[in-house]
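Let me begin by presenting the structure, written as structure tokens, before commenting on it.
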Amino acid sequence: ATNYSWHNWLPHFGSQNNLAFLTALMFAMAGIELSPTLAGETENPSKTFIRATWISAIFIIGLYTIGTVAINFFLAPDQVAASSGVLYALQLIGKELNLPIILISVALMLSFGNIGGVCVWVTAPLKMLLESSKQGILPKKLTKLNKNAMPANALILQATLITVITLAALIFAPSVNAFYEVIVLL
């Protein structure tokens with residue numbers, strides 16, 4: 001069973017496991033720098049963004065903590081490694097409780113959340129580039145907006161470039177880890 005003494009709640013800065021958790025927690029906040037691209041489409045952005053950032057940070061830290069404690073109530077720490085991920089832990093918990101629906105529902109929620117994240121990560125850099133570049137620097141064909149105010153041609157170019165880079169990495173990477181590193185660096 002997991003030991004929940006006060007000593008174990010405090011981080012052990014010499015442990016690499018805590019460094020991995022800190023990295024995961026920081027990665028959960030990744031993307032927050034993209035939110036200003038929506039400032040022009042938000043009511044009272046100077047107050048709204050500050051409030052939203054604090055609320056998001058509190059929810060992210062709270063949910064990570066609650067999720068970790070909940071998983072450790074069911075599984076001993078040696079049953080789940082940081083690299084195996086939350087879905088593996090939920091699969092074990094689902095088997096333990098005879099509720100396989102836990103894994104399926106969380107996997108669906110994660111998928112929908114990640115689709116939303118990908119949409120922001122794909123469109124926000126292009127919107128920032130278009131907003132910050134002076135008129136005439138980029139070809140008109142790339143800056144032309146469609147009926148949804150999105151630079152469709154630039155998105156197609158971006159998708160093509162990323163696909164070519166990904167396929168090249170897949171074909172020429174000497175190992176799965178090397179391929180993963182290329183994908184993460186994109």
>> Could you go through Leu155 and Met150, starting from their C-alpha distance and side-chain angles, then the distance that decides it, and tell me whether this counts as side-chain contact (heavy atoms from CB on, under 4.5 Å)?
In response: CA-CA 8 Å; Leu155 285 169; Met150 293 304 302; 4.3 Å; yes
> Between Gln158 and Val122, is any pair of side-chain heavy atoms under 4.5 Å apart?
Replying inline: yes
> Roughly how far apart are Ile102 CD1 and Leu92 CG, rounded to 0.5 Å?
Replying inline: 11.5 Å
>> Donor-acceptor pair, distance only, cut-off 3.5 Å: does the side chain of Ser175 make one with the backbone of Ala178?
In response: yes
>> Do Val69 and Leu63 land in one hydrophobic cluster if side-chain heavy atoms of ILVMFWY residues count as linked below 4.5 Å?
In response: no
>> Within this structure, what is the CD1-OG1 distance for the pair Ile162 and Thr166, rounded to the nearest 0.5 Å?
In response: 6.0 Å
>> On a heavy-atom basis, which atom in Leu87 and which in Leu103 lie closest, and how many Å separate them?
In response: O-CD1, 3.3 Å
> OG1/Thr53 to CD1/Ile58 distance, rounded to the nearest 0.5 angstrom?
Replying inline: 11.0 Å
> Within the distance-only criterion (no hydrogens, no angle test), does the side chain of Asn153 pair as donor or acceptor with the backbone N or O of Lys141 below 3.5 angstrom?
Replying inline: yes
> Is any side-chain heavy atom of Ile156 less than 4.5 Å from a side-chain heavy atom of Thr160?
Replying inline: yes
> Does atom CG of Asn148 have more than 12 heavy-atom neighbours, drawn from other residues, nucleotides or ligands, at distances under 6.0 Å?
Replying inline: yes
> Same cluster or not: are Ile71 and Leu99 linked, directly or through other Ile, Leu, Val, Met, Phe, Trp or Tyr residues, by side-chain heavy atoms under 4.5 angstrom apart?
Replying inline: yes
> In Å and rounded to the nearest 0.5 Å, what is the CG to CG distance from Leu126 to Leu138?
Replying inline: 9.5 Å
>> What's the separation between atom CD1 in Ile171 and atom CZ in Phe179, rounded to the nearest 0.5 Å?
In response: 10.0 Å
>> Return the CG to CD1 distance between Leu90 and Ile101, rounded to the nearest 0.5 Å.
In response: 12.5 Å
>> Please tell me whether Met109 and Tyr88 are part of a single hydrophobic cluster in this structure, the criterion being side-chain heavy atoms less than 4.5 Å apart.
In response: yes
> What's the shortest heavy-atom distance between Leu142 and Ala154, and which atoms?
Replying inline: O-CB, 3.6 Å
